[in-house]
Trainee: 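Let me begin by handing over the structure; questions about it come next.
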Amino acid sequence: MNFTKRTKTCGELNITGKGEYITLNGWVTKIRDLGGLLFIDLRDRYGLTQLKINPENKSIYETAMTLGNEYVISASGTVIERESKNMNIPTGEIEIDVDKLEILNKSDVPPFNIEEEVKASEELRLQYRYMDLRRKTMLKNIILRNEVYHIVHNYFKDLEFVEVETPVLMKSTPEGARDFLVPSRIHKGKFYALPQSPQTYKQILMIAGLDRYVQICKCFRDEDLRADRQPEFTQIDVEMSFIKQDDVFDISEGLFKRIWKEIKNIDIITPFRKLTYDDAILLYGTDKPDLRIEKISEIHLITEIVKDSEFKVFQDAVKKNGIIAAIKLDRIIDNKNKKIEITRKITDNLTEYVKQLGFGGIGYMKIGVNGEVSSPIAKYLSQENITELLGEFNAEEGDTIFILSGEYMKVQTALGNLRNKIAADFNLINESRYEFLWITDFPLFKYNEETGGFEGEHHVFTIPRNEHLKYLDSSNRNEIESIRAICYDLVLNGNEIGSGSIRIHIPEIQNKVFKIIGLTDEEAKSKFGFLLNAFKYGAPPHGGVAFGFDRIVAVLCGVKSIREVIAFPKTVSASSLMDDSPDIVEEKQLKELGIKLEKK
RNA sequence: GGAGCCGUAGUUCAGUUUGGUUAGAACGCCUGACUGUCACUCAGGAGGUCGCGAGUUCGAGUCUCGUCGGUUCCGCCA
């Protein structure tokens with residue numbers, strides 16, 4: 001098709017171009033018909049420019065009158081200064097006095113308006129994603145994503161990392177998430193799996209001597225979705241040889257420093273804070289604490305203080321080897337500077353919340369003037385205990401202490417959830433901060449009560465801490481559970497954005513780990529034989545990390561869901577509303593693959 | 001697999017608590033008027049499988065059950 005090609009974009013013209021004859025191509029965003037004089041906002045990726053159509057030019061005017069929103073047009077004319085300027089937009093001092101107008105394509109009436117603040121439901125936005133992506137907000141997210149992409153590539157290139165593409169069709173492995181499977185036509189009855197991550201390949205690249213590997217790659221996990229989890233997602237995958245944990249931290253921190261500097265012009269402080277997994281659970285009840293939370297204390301164990309109370313719930317907890325722990329909420333004020341009273345309604349609501357987490361209820365203690373407390377459980381406590389408790393928290397008038405009791409892990413995680421909930425309910429998250437935090441020394445194994453066996457907490461190639469190597473020969477559950485790994489997560493604002501470990505490169509240690517998780521030699525050989533073989537031929541000490549690219553971009557864009565930074569995301573039921581996938585396939589295709597469907 | 005919330009005009013929502021006349025509003029769309037708008041304004045108009053299916057009832061957008069879709073969370077998952 002013949003059309004007049006643009007000489008400028010809709011974002012670049014300003015008063016300095018006055019008098020220039022130009023052509024714009026773009027989408028009709030808004031038509032303002034003043035009865036005679038006609039104004040058209042023309043939009044492209046770069047911005048918005050106002051076209052002026054004068055009724056004196058009859059043929060152009062008539063064409064313009066047939067336009068609708070989202071028509072694609074070519075408009076030529078002279079850049080002129082506006083009679084009344086709009087200083088809210090960059091091009092607001094000028095307009096185009098159009099003397100040539102071509103309709104390049106019509107548009108149906110759009111299902112929703114293309115505007116910055118979208119009003120359409122997410123369902124509709126996903127169905128018409130090409131319309132949604134025309135919105136400035138989405139365009140900004142996608143472009144910012146691309147900028148981060150370049151920063152990552154450049155950063156690692158500067159450090160002499162080698163980008164290597166790894167296969168998308170690979171062998172299914174039993175560990176970790178459920179695999180997406182791809183049937184093989186040539187080998188009927190056999191399947192490839194899509195990679196959950198290129199884990200084994202990147203380790204083999206280390207054995208191959210690549211030394212420093214990076215890849216921004218797609219990963220696939222067939223598990224249920226969340227706001228921050230898609231079945232296919234993007235990872236910054238990194239692996240290095242002859243390094244220790246601190247080297248991984250240095251390289252990673254440098255990356256984030258550069259991203260934040262270039263995208264946000266913010267100098268983030270490195271090195272990042274570090275917390276062991278055990279401390280994170282002890283202090284925050286989660287392995288991904290949000291350090292932006294203000295006015296809520298860390299978790300304090302108060303078993304020693306209240307264990308002799310008359311309160312039966314506490315006594316039960318102590319009897320069952322459990323604990324009693326608490327958090328303190330500072331006196332808080334609303335945006336009108338008025339103190340927020342912790343009312344019965346609020347405590348009832350929190351009680352309801354902890355009941356869902358499997359507790360009978362929550363103990364609370366409101367601190368009044370002169371250390372007087374109002375609390376349903378105060379009557380079970382001696383004055384000394386109360387004083388001691390207030391001292392433990394440095395509690396002052398207006399503060400509230402929330403107490404839970406029971407099994408250690410259950411209490412800690414519940415208090416961790418409670419911190420998040422209270423912070424969200426009362427707006428206690430400081431949104432202006434970026435809080436990076438390394439969580440280190442994760443347990444190597446997790447005991448599975450159902451199967452009565454151990455499972456890998458991270459992945460099976462993670463090396464134990466030196467001082468715990470001896471427990472690999474143990475058969476004592478406590479000893480095995482106490483093994484900590486050289487394994488780390490990077491947490492940003494309460495989101496897990498990265499995870500990695502130093503790997504096992506010595507076959508003897510690897511075999512012991514396999515043994516503990518109940519993998520026989522034969523199974524290990526059939527599942528990971530290629531990797532174990534490779535280890536026999538001089539595997540260097542190595543380790544790495546992988547970052548969740550979508551989550552990082554989501555934080556940078558200030559959005560809650562990674563769907564906002566993915567061009568074509570899936571819904572929570574893992575379908576694509578735009579192209580209606582997954583979908584049934586033809587009988588012929590199944591036959592070729594030797595697949596028969598079970599009747600429902 | 002489980003729990004919560006949502007589903008009404010092209011779109012966003014009100015109406016559902018307490019079943020009852022013709023299901024409303026805004027934006028968008030169509031027609032007309034208007035030569036400096038930029039959320040243009042003004043006048044008029046069209047537009048509804050109340051997600052779908054059963055049930056209760058004289059009567060269901062409204063109550064009950066089921067089902068489908070979206071979303072948040074738990075389980076699951078780095």
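Basis for what follows: all heavy atoms, side chains included, without hydrogens, waters or symmetry-related copies.
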Trainee: Mind checking the C1' distance from C13(B) to G20(B)? Whole angstroms is fine.
Mentor: 24 Å

Trainee: Could you list the residues that satisfy side-chain contact (heavy atoms from CB on, under 4.5 Å) with Asp179(A), not counting sequence neighbours?
Mentor: Ser172(A), Leu181(A), Ala193(A), Gln196(A)

Trainee: Check each of Ile293(A), Leu291(A), Leu415(A), Thr413(A) against Tyr284(A) using the side chain to side chain contact (heavy atoms under 4.5 Å, CB included) test, and report the only one that passes.
Mentor: Leu291(A)

Trainee: Can you tell me, in whole Å, how much space there is between the C1' of G61(B) and that of G19(B)?
Mentor: 10 Å

Trainee: Under 4.0 Å, heavy atoms only, any strand: does Phe39(A) hit a base, just the sugar-phosphate, or nothing?
Mentor: base

Trainee: May I ask you to verify if any side-chain N or O of Ser575(A) is less than 4.0 angstrom from the OP1 or OP2 atom of G70(B)?
Mentor: yes

Trainee: Rounding to the closest angstrom, what is the interatomic distance between G45(B) and C6(B) at atom C1'?
Mentor: 32 Å

Trainee: Aromatic contact between Phe528(A) and Phe514(A), with the criterion being ring centroids under 6.0 Å apart: yes or no?
Mentor: yes

Trainee: Mind listing the residues from residues 64-89 of chain A sitting with a heavy atom below 4.0 Å of RNA chain B? Number order is fine.
Mentor: Asn69(A), Arg82(A), Glu83(A), Ser84(A), Lys85(A), Asn86(A)

Trainee: So what does Glu117(A) hit on the nucleic acid, given a heavy-atom distance under 4.0 Å: a base, only sugar-phosphate, or nothing?
Mentor: nothing

Trainee: For a quick check of understanding: with a heavy-atom distance under 4.0 Å over all strands, which category does Gly176(A) fall into, base, sugar-phosphate or nothing?
Mentor: sugar-phosphate

Trainee: Let me confirm one number: the CD1-CG distance from Ile53(A) to Leu67(A), rounded to the nearest 0.5 Å.
Mentor: 7.5 Å

Trainee: Report the C-alpha distance between Glu93(A) and Lys85(A) in whole Å, list the side-chain angles of each, state the deciding distance to 0.1 Å, and finish with yes or no for salt bridge (charged side-chain N to carboxylate O under 4.0 Å, His left out).
Mentor: CA-CA 5 Å; Glu93(A) 282 191 275; Lys85(A) 297 181 178 174; 3.3 Å; yes

Trainee: Run Arg484(A) and Ser482(A) through side-chain hydrogen bond (donor to acceptor under 3.5 Å, both in side chains) and show every step you take.
Mentor: CA-CA 6 Å; Arg484(A) 293 293 176 265; Ser482(A) 76; over 6 Å; no

Trainee: Go through Gln199(A) and Tyr201(A) one step at a time and tell me if the side-chain hydrogen bond (donor to acceptor under 3.5 Å, both in side chains) criterion holds.
Mentor: CA-CA 6 Å; Gln199(A) 184 62 39; Tyr201(A) 292 111; over 6 Å; no

Trainee: Do Glu253(A) and Trp438(A) have a side chain donor and acceptor closer than 3.5 Å?
Mentor: yes

Trainee: Which nucleotide sits closest to the side chain of Glu122(A): G75(B), A78(B), U71(B)?
Mentor: U71(B)

Trainee: Tell me what Gln199(A) touches on the nucleic acid: a base, only sugar-phosphate, or nothing, going by heavy atoms under 4.0 Å.
Mentor: nothing

Trainee: Near RNA chain B, which residues from residues 42-59 of chain A have a heavy atom under 4.0 Å away?
Mentor: Gln50(A), Lys52(A), Pro55(A), Glu56(A)

Trainee: Say you pick atom C1' in A9(B) and the same atom in A26(B); how far apart are they, in whole Å?
Mentor: 12 Å

Trainee: Within the 4.0 Å heavy-atom criterion, would you say Arg563(A) contacts the bases, only the backbone, or no part of the nucleic acid?
Mentor: sugar-phosphate

Trainee: May I ask you to list the residues of residues 124-131 of chain A, by number, that have any heavy atom positioned under 4.0 Å from an atom of RNA chain B?
Mentor: Leu124(A)

Trainee: Starting at CD of Glu116(A) and ending at C1' of A39(B), how long is that distance when rounded to a whole Å?
Mentor: 14 Å

Trainee: Could you list by number each residue of residues 496-504 of chain A showing a heavy-atom separation from RNA chain B of less than 4.0 Å, or answer none if no residue does?
Mentor: Glu496(A), Ser499(A)

Trainee: Who does G32(B) pair with, Watson-Crick or G-U, both distances under 3.5 Å?
Mentor: C42(B)

Trainee: Leu37(A) CG to A33(B) C1': how many Å, rounded?
Mentor: 15 Å

Trainee: Which comes earlier along RNA chain B counting from the 5' end, the contact point of Leu225(A) or that of Ser573(A), where each point is its nearest nucleotide?
Mentor: Ser573(A)

Trainee: Rounding to the closest angstrom, what is the interatomic distance between G55(B) and U8(B) at atom P?
Mentor: 24 Å

Trainee: Using atom C1' of each nucleotide, how far apart are G28(B) and G4(B) to the nearest Å?
Mentor: 33 Å

Trainee: Watson-Crick or G-U wobble partner for G61(B), using a 3.5 Å limit on both distances?
Mentor: none

Trainee: With both distances under 3.5 angstrom, what nucleotide forms a Watson-Crick or G-U wobble pair with U21(B)?
Mentor: none

Trainee: Quick check with a 6.0 Å cut-off and a 45 degree axis cone: is Lys446(A) positioned over the face of Phe454(A)'s six-membered ring?
Mentor: no

Trainee: With a 4.0 Å cutoff (strictly under), does any side-chain N or O of Ser121(A) reach OP1 or OP2 of G70(B)?
Mentor: no

Trainee: Validate the cation-pi geometry between Lys410(A) and Phe359(A): distance from NZ or CZ to the six-membered ring centre under 6.0 Å, angle to the ring axis within 45°.
Mentor: yes

Trainee: May I ask which nucleotide in the shown strands pairs with U37(B), Watson-Crick or G-U wobble, both distances under 3.5 Å?
Mentor: none

Trainee: What contact category does Arg229(A) fall into here, base, sugar-phosphate, or nothing, at under 4.0 angstrom with non-hydrogen atoms?
Mentor: base

Trainee: Mind listing the N/O atom pairs, protein and nucleotides 40-43 of chain B, below 3.5 Å?
Mentor:
residue	atom	partner	partner atom	Å
C40(B)	OP1	Lys30(A)	NZ	2.7
C40(B)	N4	Asp33(A)	O	2.2

Trainee: Is the phosphate of C77(B) approached by Gln196(A) (side-chain N or O, under 4.0 Å from OP1 or OP2)?
Mentor: no

Trainee: On a whole-Å scale, what distance lies between the P atoms belonging to G10(B) and C50(B)?
Mentor: 12 Å

Trainee: Going from CZ on Phe547(A) to CZ on Phe256(A), what distance comes out if it is rounded to the nearest 0.5 angstrom?
Mentor: 4.5 Å

Trainee: Round to a whole Å and report the spacing from CG of Asp224(A) to P of G70(B).
Mentor: 13 Å

Trainee: Both distances under 3.5 Å, Watson-Crick or G-U wobble: report the partner of G7(B), or none.
Mentor: C68(B)

Trainee: Under 6.0 Å between ring centres, would you say that holds for Tyr488(A) and Phe249(A)?
Mentor: yes

Trainee: Please check the phosphate of C74(B) (OP1 and OP2 only) for any side-chain N or O of Arg226(A) closer than 4.0 Å.
Mentor: yes

Trainee: Scan Ser197(A) against the nucleic acid and name what it touches under 4.0 Å (heavy atoms): base, sugar-phosphate only, or nothing.
Mentor: nothing

